[in-house]
Amino acid sequence: MTAGLFLGLLLFLSFFLWMVIRQRQENVLNSTVIAATNCSVLVTDATSSHHPIVYVNPAFLLLTGYAEQEVIGQRTSILIGPDTDRTSMEKLAMALQGGWACRVRLCHYRKNSTSFWNDVSLSPVKDRLGRVTSMVWAMSEVTQPEAVIKAPDRIQDEDIIARGQAEQALRDSEMRLDLAVQIGQVGFFEFDHRTDSLSCSPILRDICGVGTDEPASWQRYLELVHPDDRNRVISMVQRACAATGNGQYEVEYRLVRPDGPMRHISLRSLTSFDGDGSSRQPIRTLGTVVDVTDRKNVEVRRRESASMEAISTFAGGIAHELNNSLTAILGFSELALPLIPTESKAHRHIRQVIAATKKSRELIQQLLAFGGQNDHGRCPLLLHSLAKESLKFLRPTIPLWVEFRAQIAQATNPISANAVQMHEMIFNLVHNALRAMQKTGGILDVQLQNRQFVTDQIMPSGRLLAGWYVCLSVQDTGEGMDPDRVSRLFTSSLMSQDVSGSQGTGLTVVHGIVTAHGGALAVESQIGAGTTVSVYLPALPGCAPSVTQVSDPLPHGHECILFVDDEHSVVRLGREVLESLGYYSVVCRTAAEALEVFQVEPKRFDLLITDRTMPEMSGNCLARECRRLRPDLPVIFCSGSNGVHHLDDTCSQGVTECLPKPFTLHELAYAIRRALGQSSAYLESRGVAANSGREPSRISIEVSDAVGPRG
């Protein structure tokens, strides 16, 4: 028994020794053959993610000029240079990751930095368990990248030409495909279901924010998927890889990169199966991954823009109706106040109603500024209301180390502008100032006021004619700019290049908006003393501010005024206010009715006061038609909104006053006198003094009676 066991052990040891000797002889024989071949050969270790070089033959050392100790342990990147094709390198990288065989032609570099074209054939070496342990690189130098391998003498010349053309066409096709992949930034992956291994292209690793040193795995990829989308992605993959599935799936989800940012990903894949029916087993899944974050952001902005446009339209409509109602409340309250004894409670109550209405007027102006958010055109608007609304949104963005000061005039002249662009202008000016103080902090001072220039002004960004302007100034105490840079800010070729970093960013946008609105931009700055950016926007003609005080007596007159409004309460208010001020009023509820009355005797009327937004015919059209008959007719526009878009030049030149609703008796009375004062030449030509009395008109009485309550 013991002898048998001893004999069996001896036989096993003899067989094992024979196998070791044979394997060593084969390795020696293989090494001898590789060393003796003229083809350059190197071997890399596939068990390491770096794929270091573990063997090179003499032909490789002769081709590259390296010594053996200089390349052993190094990566094959020592052969890469500036002209090495990145697409071919990505092919090699994917083959190394997946353990595939591949062949590429690319430009390599010797130790002395000279380049040569190299045909590289990559072959995997596997162990008995099928695992890739090393990769063999066979290299052969070619004289030209377009060179084709010469066929044996027995192959005809036409075969050589055909093969060369076919190879060239294949290379061109691969080049176009690689170019499309690079331009589209499409990432590729392959998942082997049998070995549970994942291979990713370098572009995919860039999209995911995963370095080349980190091994690729399906579990690691799932960890990057947003937790709210992870179950949906897993469920989609399982259905596609099921025996009853078609192997195709497409899914969009969010991916959180290791460095923090979240990206939106679109994934498409195709799974191949082995077997039929219920015995089908998934073998390999190939897929593409595209970063669609930019497209998603554009869609979100488009939806937000559509939503904001709808909300702004709704807000503008509400504000218009509220202003009409507030006009009647404020006007009738002011008419009733002098009729009530001063010491009575009713007098105090009416005063509170007037105060609350004036406060509501400011709130409505802010709502109108918000409701003007559209890009369709310009309209008369009050910049002080819009500026207050913009600064209200900007306050939370101002850091604690910046002191914010705002001096906004209570009432600035109306300007013709686009509300959205005015918001954008203010945002850019404030953000530009904050960037200048982001390191040191300081004071941010915003001022808005009316400015008048008696003579024309020459500024770096343009010329301003004499007249009234609305001036918006934003001052910071940041780093400042030297005079040379300030003088070069308004050069068109430098506006987009020189204004960078913490100084001047956003001035390009501001300059474009201000110039388009007929204004000018002024910049004052000193190194270490900060920067002041001033914007000058022209006020509407005839809209100079009043220098009178609220306590001043109301001016009266005896002229004939045509008053038009589609709101019944405003019409009744207009008639009573005008009669209380001594004027002869002709009031109408439609523009068509007013035009018909005006056409009977155009010279009877001294002033037209009309609402801008009326059905069928707007106030703009009415004013234009009336001024065709009477070019010198002064016009006062009243509106419960920021105005109607696309105000034509013919109408705007004839506008004497722009009076936003709700208006006070004081504002209306002085607006009428300013408008009539501009038409004094016409009155003098008729031999009538500006304040002289006139006989009442029959038309005035008849039309006034026609606007009473209707059955």
Side-chain angles (χ1 to χ4, degrees), residues 29-46 50-125 132 134-155 157 159-179 202:
L29 179 61
N30 292 337
S31 300
T32 304
V33 172
I34 293 175
T37 184
N38 292 327
C39 179
S40 300
V41 178
L42 66 86
V43 180
T44 58
D45 184 7
H50 299 287
H51 280 267
I53 301 174
V54 296
Y55 173 82
V56 293
N57 69 344
F60 173 85
L61 301 177
L62 182 63
L63 174 65
T64 60
Y66 284 99
E68 183 176 3
Q69 62 272 16
E70 292 177 332
V71 295
I72 297 299
Q74 299 292 328
R75 302 177 65 174
T76 55
S77 58
I78 61 174
L79 303 176
I80 297 174
D83 293 332
T84 304
D85 183 25
R86 181 181 175 184
T87 303
S88 299
M89 293 303 301
E90 288 189 357
K91 285 184 178 180
L92 289 175
M94 291 188 65
L96 290 173
Q97 293 177 10
W100 311 331
C102 76
R103 181 178 180 181
V104 296
R105 177 173 293 180
L106 71 169
C107 180
H108 273 166
Y109 285 77
R110 298 182 177 89
K111 180 180 179 180
N112 59 5
S113 300
T114 59
S115 62
F116 64 98
W117 285 93
N118 200 3
D119 270 342
V120 179
S121 296
L122 199 63
S123 302
V125 178
V132 178
S134 58
M135 300 293 288
V136 178
W137 302 55
M139 305 178 179
S140 59
E141 182 182 6
V142 293
T143 56
Q144 298 178 9
E146 297 82 10
V148 296
I149 302 176
K150 294 184 178 180
D153 295 337
R154 67 177 184 272
I155 301 178
D157 293 341
D159 294 336
I160 298 176
I161 296 175
R163 179 178 297 181
Q165 293 175 347
E167 292 182 357
Q168 183 63 41
L170 179 60
R171 286 194 295 270
D172 292 342
S173 178
E174 292 178 348
M175 183 179 298
R176 287 192 294 269
L177 178 60
D178 294 336
L179 181 61

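In this structure a side-chain-to-backbone donor-acceptor pair under 3.5 Å is present from Tyr109 to Asp83. The backbone N or O of Met139 sits nowhere less than 3.5 Å from a side-chain atom of Asn118 that would complete a donor-acceptor pair.
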- Run the numbers on His51 and Thr76 for side chain to side chain contact (heavy atoms under 4.5 Å, CB included), then give the verdict. CA-CA 8 Å; His51 280 267; Thr76 55; over 6 Å; no
- Message: Go through it in stages, so that I can follow the logic: the residues are Trp137 and Leu122, the test is side chain to side chain contact (heavy atoms under 4.5 Å, CB included), and I'd like the CA-CA distance, side-chain angles, deciding distance and then a yes or no.
- Response: CA-CA 5 Å; Trp137 302 55; Leu122 199 63; 3.3 Å; yes
- Message: Test side chain to side chain contact (heavy atoms under 4.5 Å, CB included) on Leu63 and His108; report intermediate values, then the result.
- Response: CA-CA 11 Å; Leu63 174 65; His108 273 166; over 6 Å; no
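Residue Thr84 comes nearest to Gly81 through the heavy atom pair OG1-N, 2.9 Å, listed as atom of the first residue, atom of the second, then distance. In this structure, Ala59 and Ser40 approach most closely via the heavy-atom pair O-OG, 3.3 Å. Nearest heavy-atom pair across Pro202 and Glu90 is CG-CG, 3.8 Å. Contact between Pro124 and Ala101 at its shortest, heavy atoms only, is CD-CB, 3.9 Å. Closest approach of Ala95 and Met135 over heavy atoms only: O-CE, 4.3 Å. Pairing each heavy atom of Cys39 with each of Ala138, the nearest pair is SG-CB, 4.1 Å.
For residues 62-75, the pairs satisfying side-chain hydrogen bond (donor to acceptor under 3.5 Å, both in side chains) are Glu70-Lys111, with sequence neighbours left out.
Within the model, atoms CZ of Arg105 and OG of Ser140 stand 8.0 Å from one another, a figure rounded to the nearest 0.5 Å. Note: Ile53 CD1 to Ser134 OG = 13.0 Å, rounded to the nearest 0.5 Å. One distance of note links CG of Leu106 with CZ of Phe116; it measures 8.5 Å at 0.5 Å rounding.
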